[in-house]
**Q** 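Pasting in a structure now, in structure tokens, and then I'll have a few things to ask.
Lettering follows sequence order; numbering is per chain, from 1.
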Amino acid sequence: MVLTVPFADSNMPENKPTPPKPVDQLTPAAARLEHEALAREIAQHDRRYYEDDAPSVSDAEYDALRLRYEALEAQFPELKSTESLTRKVGSKPSEKFSKIRHRAPMLSLANAFADEEVEEFVERIRRFLQIKADAPVIFTAEPKIDGLSLSLRYEHGRLVSAATRGDGSVGEDVTANARTVGDIPQKLTGKDFPEILEVRGEVYLSHADFAAINERQAAAGKQLFANPRNAAAGSLRQLDPAITASRPLHFFAYGWGEISEMPADTQSGMIDAFRRFGFIINPLTRRCSTVAELLEHYRTIETNRANLGYDIDGVVYKVDDLNLQSRLGFVSRSPRWALAHKFPAQQATTILDAIEINVGRTGSLNPLARLRPITVGGVVVSNATLHNEDYIRGIGGNGEKIRNGVDIRVGDTVIIQRAGDVIPKVLDVVLEKRPADAKPYLFPSNCPACGSHAVREQNPRTGKEDSVRRCTGGLICPAQARERLKHFVSRNAFDIEGLGEQRIEELYADGTIRRPQDIFTLEARNAGKLQRLENREGWGATSVKNLFAAIEARRNIALNRFVYALGIPHVGDTSAKLLARHFGTFEAIQEAAKAAADPESDAHAELTSIGGIGSVVADAIVEFFKEQHNEEMLDALLAQVHVEPVEATVSDSPVAGKTVVFTGALEQMTREEAKAMAERLGAKVAGSVSKKTDIVVAGPGAGSKLNKAKEFDVQVMDEDGWFVLVGRN
DNA sequence: TACCCTCGAGTTCA
DNA sequence: CTCGAGGGTA
């Protein structure tokens with residue numbers, strides 16, 4: 001569909017920004033509207049300021065908003081209690097924390113809930129390490145404190161910095177506040193501490209101290225903390241360390257980051273060393289050598305949970321032997337050698353008022369449960385995802401029944417759980433409470449946004465029906481167009497500051513932005529005489545100026561971001577990077593994709609030859625570039641932006657980019673470890689020797705592969721040679 | 001074919 | 001964070 005893009009209200013006379021009416025001339029209704037709008041806007045700015053660390057308005061503008069907001073409340077006191085955002089609009093942020101990059105990332109742990117999962121965890125470790133059934137593997141087991149992780153850096157025994165976990169690689173510098181925590185030593189004790197030592201652990205508040213703090217909050221008329229963890233987080237993130245000092249935070253040490261010299265070769269030994277250095281170790285830390293012992297300790301902790309005096313949410317198991325830990329390594333972002341055995345998550349019961357359908361960027365019809373608001377684990381929940389049609393009907397991913405096949409109906413009383421203590425989910429239905437007139441939910445067969453037919457496609461390979469029903473409206477579906485635009489400006493794509501979801505909604509609705517390329521003509525069109533952005537409600541001159549600047553800044557964009565922004569199905573962040581790295585320029589990608597449409601060409605094979613790109617992804621790419629309207633969009637867009645080719649990423653590893661084959665018996669590591677290690681260093685591991693192979697690592701008993709290696713004149717080395725080449729680890 | 005892992009796309013609340 | 005599915009390998 002070809003859309004003309006008129007500027008909004010083009011027949012309105014040009015008008016100057018009108019100064020807001022004095023508050024005493026407002027009707028209560030108008031005041032209420034403005035109050036609500038202001039609360040939303042201020043909350044948004046606060047969020048950008050605090051969470052994204054990117055103020056969206058100047059301080060002066062922010063102050064003006066707040067002044068107006070307070071003036072309204074002064075004139076119309078009834079507003080204070082009516083709008084729930086009122087109390088959330090906190091004090092004006094003055095300063096912020098600087099960032100600290102962790103030298104070693106702070107990882108998360110794999111979770112388990114059932115005993116069987118603990119067995120599997122131990123089994124997996126034995127298999128990976130090829131440890132015989134009768135040989136014991138020792139684990140440590142300790143309570144998982146429900147607080148905030150903190151990384152403390154000591155140099156020559158002195159605390160030099162403290163950082164929160166953040167996203168795992170970059171945290172916030174809370175050193176001044178950490179110094180006020182009694183359990184955190186300023187100076188390490190003893191003599192044998194390493195020169196550089198990063199100790200990691202958990203900051204928490206006891207139940208008693210939490211209650212006392214909340215009493216004080218109440219007395220001061222301030223908002224109460226929902227739970228000890230929030231209170232601890234709030235206390236640690238105080239800008240004034242004196243306030244942190246007045247909150248009795250505690251700290252348990254349980255791990256480490258960078259360390260110049262290892263004081264021990266086991267997890268438990270390390271923890272003991274930390275104790276010698278002056279840290280507090282959780283007294284319920286034990287060594288266990290069987291699954292039964294682990295589970296027994298879990299039950300002990302669970303039984304004592306209420307008497308501990310602080311919140312815990314499970315038990316952490318770690319392989320004790322550090323040698324084994326390093327052999328086990330990591331899976332994506334969590335170590336293979338540790339597991340968090342969580343206590344059953346908190347649940348609550350409420351009523352399902354309605355089921356709404358949202359339309360995603362790919363046309364997926366996503367059912368959302370609107371719930372009678374209820375508190376689960378200290379947070380009020382009013383929405384929850386229902387995943388898909390089958391989930392509502394009581395059918396799981398592989399066709400088996402879930403919830404004993406009970407479907408979910410509007411009016412049902414449902415059990416809500418915050419999965420992983422964060423995202424709420426409809427766990428079950430209380431059948432006894434189902435109203436007599438409740439009817440099975442009829443999943444729409446048409447898109448609620450555009451009315452097009454919505455279908456569940458068949459997977460061409462397996463013949464199975466897709467679990468997701470999708471709108472077939474494509475270009476004509478406004479919801480899809482809107483979501484594609486949101487994707488286009490999202491964080492890993494164009495990341496245009498000042499153009500978030502809300503603004504996209506607004507600008508899409510009035511026709512200002514309908515296609516990605518419209519973003520880059522926005523300023524030119526705005527310069528015309530029509531109603532300008534800066535005169536609109538909710539937009540100030542500065543925010544518009546900043547927005548234009550942000551858009552200008554993105555006229556140059558990295559290839560991988562650009563590819564990702566296009567929103568090709570199955571092409572996310574990672575695949576976009578793979579494509580960028582393989583082809584180098586956007587033209588090369590485009591050419592290959594177009595060529596692949598011709599079955600004679602081997603371009604399709606080139607796509608699938610990229611590790612991580614298979615036939616499904618390749619097909620999606622080819623389809624995307626085949627579409628006429630996508631071509632038009634790209635032409636228009638490329639006239640506006642410059643896509644930067646990627647520079648060849650040169651890793652400093654000696655085997656980066658090489659293809660390695662391991663053959664024969666390996667003595668110092670298992671095959672799986674060897675593979676994981678090589679890949680970590682940027683090498684590709686193949687199963688057989690070909691002329692593409694660069695290195696063959698041959699152990700004793702290597703046969704045909706070794707001969708082949710000689711035939712192809714491939715570099716051959718033994719395990720020791722490998723370690724000489726790449727170093728240990 | 002059966003797995004194991006990674007990825008994409010969806011999600012909540014503050 | 002979770003689900004389902006794609007990709008790759010035993």
Side-chain angles (χ1 to χ4, degrees), chain A residues 43-44 46-48 50-52 84-85 87-90 108 110-111 120 124 127-128 223 225-227 230 233-234 330-334 336 342 345 356-371 373 375-388 390-391 395-399 402 416-427 457 459-462 464-468 470 483-484 486-487 490 492 564 567-578 608-620 671-672 675-676 679 684-688:
Chain A
Q44 223 174 336
D46 282 350
R47 196 178 110 184
R48 282 199 66 82
Y50 281 121
E51 291 180 17
D52 308 341
S84 70
L85 275 161
R87 277 167 298 123
K88 285 187 204 152
V89 180
S108 52
N111 287 329
E120 280 162 26
R124 210 165 37 239
R127 218 180 314 138
F128 192 93
Q223 194 172 10
F225 291 108
N227 52 51
N230 285 2
F330 301 86
V331 188
S332 66
R333 284 172 304 283
S334 48
R336 235 186 303 249
K342 296 278 200 84
E356 272 177 20
I357 302 285
N358 292 323
V359 183
R361 155 172 78 82
T362 57
S364 56
L365 266 44
N366 309 312
L368 178 75
R370 313 278 350 221
L371 306 164
T375 307
V376 196
V379 174
V380 178
V381 170
S382 49
N383 296 324
T385 174
L386 289 170
H387 295 119
N388 55 50
D390 285 348
Y391 188 82
I395 304 166
N398 21 10
I402 49 174
I416 306 298
Q417 178 182 294
R418 291 212 300 148
D421 266 355
V422 179
I423 303 208
K425 127 181 202 175
V426 175
L427 203 67
E457 276 169 17
N459 186 315
R461 283 159 58 198
T462 61
K464 263 190 16 186
E465 209 181 28
D466 194 348
S467 58
V468 175
R470 284 180 208 281
E483 296 305 312
R484 277 197 299 269
K486 287 183 191 170
H487 175 80
S490 66
N492 292 323
Y564 173 75
I568 303 169
H570 300 116
V571 178
D573 202 20
T574 310
S575 308
K577 277 188 191 137
L578 290 174
T608 51
S609 77
I610 306 170
I613 307 282
S615 63
V616 174
V617 179
D619 286 346
R671 203 156 289 274
E672 230 174 313
K675 180 168 179 286
E679 280 170 357
K684 194 180 161 199
V685 178
S688 58

**Q** Checking contacts here: which listed nucleotide (dA5(C), dC3(C), dG7(C)) is nearest the side-chain heavy atoms of S615(A)?
**A**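 Of the options given, the side chain of S615(A) lies nearest dG7(C).
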**Q** Do N383(A) and P424(A) have side chains that approach each other closer than 4.5 Å (heavy atoms only, starting at C-beta)?
**A**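 Answer no - side chains too far apart.
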**Q** From the list dG6(C), dC7(B), dT11(B), which nucleotide is the closest neighbour of the side chain of S575(A)?
**A**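 Looking only at heavy atoms from C-beta outward on S575(A), the closest nucleotide is dC7(B).
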**Q** Atom CZ of R484(A) to atom P of dG10(B): distance rounded to whole Å?
**A**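 In whole Å, dG10(B) P lies 12 Å from R484(A) CZ.
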**Q** Taking only side-chain nitrogens and oxygens of T385(A), does any of them come within less than 4.0 Å of OP1 or OP2 of dT2(C)?
**A**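 No.
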**Q** Evaluate the side chain to side chain contact (heavy atoms under 4.5 Å, CB included) criterion for residues N366(A) and T385(A): first the C-alpha distance (whole Å), next the side-chain angles of each, then the deciding distance (0.1 Å), finally the verdict.
**A** CA-CA 8 Å; N366(A) 309 312; T385(A) 174; over 6 Å; no
**Q** Can you check side chain to side chain contact (heavy atoms under 4.5 Å, CB included) on S490(A) and Y564(A), steps first, answer last?
**A** CA-CA 10 Å; S490(A) 66; Y564(A) 173 75; 4.1 Å; yes
**Q** Give the rounded distance in Å between these two atoms: NZ of K577(A) and C1' of dT6(B).
**A**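 In whole Å, dT6(B) C1' and K577(A) NZ are 14 Å from each other.
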**Q** Please report the distance, rounded to the nearest Å, between CG in L365(A) and P in dG10(B).
**A**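 Roughly 11 Å, once rounded to whole Å.
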**Q** Nearest to the side chain of V617(A) - dC3(C), dG7(C), dC13(B)?
**A**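 Ranking dC3(C), dG7(C), dC13(B) by closest atom to the V617(A) side chain puts dG7(C) first.
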**Q** Tell me which nucleotide among dG4(C), dT2(C), dT11(B) gets nearest to the side chain of K425(A).
**A**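 Comparing dG4(C), dT2(C), dT11(B) against the side chain of K425(A), the answer is dT2(C).
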**Q** Reckon N358(A) touches a base, only the sugar-phosphate, or nothing at all at heavy-atom distances under 4.0 Å?
**A**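 Result for N358(A) = sugar-phosphate.
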**Q** Are any side-chain N or O atoms of R361(A) and backbone N or O atoms of G567(A), one a donor and one an acceptor, separated by less than 3.5 Å?
**A**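 Confirmed, R361(A) side chain pairs with G567(A) backbone.
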**Q** Just to confirm, is there a sub-4.0 Å distance from OP1 or OP2 of dT12(B) to any side-chain nitrogen or oxygen of S382(A)?
**A**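 So the side chain of S382(A) is outside the cut-off, no N or O lying under 4.0 Å from OP1 or OP2 of dT12(B).
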**Q** In this structure, how many angstroms lie between the P atom of dC5(B) and the CZ atom of R127(A), rounded?
**A**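 It works out to 9 Å between those atoms.
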**Q** Rounded to whole angstrom units, what separation is found between the CG atom of N111(A) and the P atom of dC1(C)?
**A**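 So the two atoms are 7 Å apart, to the nearest Å.
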**Q** Between L365(A) and V359(A), does a side chain to side chain contact (heavy atoms under 4.5 Å, CB included) hold up when you go through it step by step?
**A** CA-CA 5 Å; L365(A) 266 44; V359(A) 183; 4.3 Å; yes
**Q** Please determine whether a side-chain nitrogen or oxygen atom of S467(A) lies at a distance below 4.0 Å from atom OP1 or OP2 of dC3(C).
**A**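 Looking at the OP1 and OP2 atoms of dC3(C), neither is under 4.0 Å from any side-chain N or O of S467(A).
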**Q** From dG4(C), dC13(B), dA9(B), pick the nucleotide closest to the side chain of R361(A)?
**A**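 Of the candidates, dA9(B) comes closest.
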**Q** Output the rounded distance in Å from CD (Q417(A)) to P (dC3(C)).
**A**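 That distance rounds to 10 Å.
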**Q** Please compare V359(A) and N383(A) by the position of their nearest nucleotide in DNA chain B and report the one closer to 5'.
**A**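 That would be V359(A).
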**Q** Round to the nearest Å and state the distance from D573(A) atom CG to dG6(C) atom P.
**A**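 Answer to the nearest Å: 19 Å.
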**Q** Given that S364(A) and V380(A) both sit by DNA chain B, which one's nearest nucleotide is further toward the 5' end?
**A**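 Nearest-nucleotide comparison on DNA chain B picks S364(A).
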**Q** To the side chain of T574(A), which of dG8(B), dC13(B), dC4(B) is closest?
**A**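 In terms of side-chain proximity for T574(A), the closest of dG8(B), dC13(B), dC4(B) is dG8(B).
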**Q** Output yes when at least one side-chain N/O atom of N366(A) is less than 4.0 Å from OP1 or OP2 of dA9(B), else no.
**A**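 Answer no for this pair, as no side-chain N or O of N366(A) is under 4.0 Å from OP1 or OP2.
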**Q** Side chain of R336(A) only, heavy atoms from C-beta on: which candidate in dT11(B), dC5(B), dG8(B) is closest?
**A**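 Closest nucleotide among those given: dC5(B).
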**Q** Whole Å only: how far is the CG atom of D466(A) from the C1' atom of dG8(B)?
**A**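 Taking CG of D466(A) and C1' of dG8(B), I get 13 Å after rounding.
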**Q** Is V426(A) close to L386(A) at the side-chain level, that is, under 4.5 Å between some pair of heavy atoms?
**A**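 L386(A) reaches V426(A) side chain to side chain.
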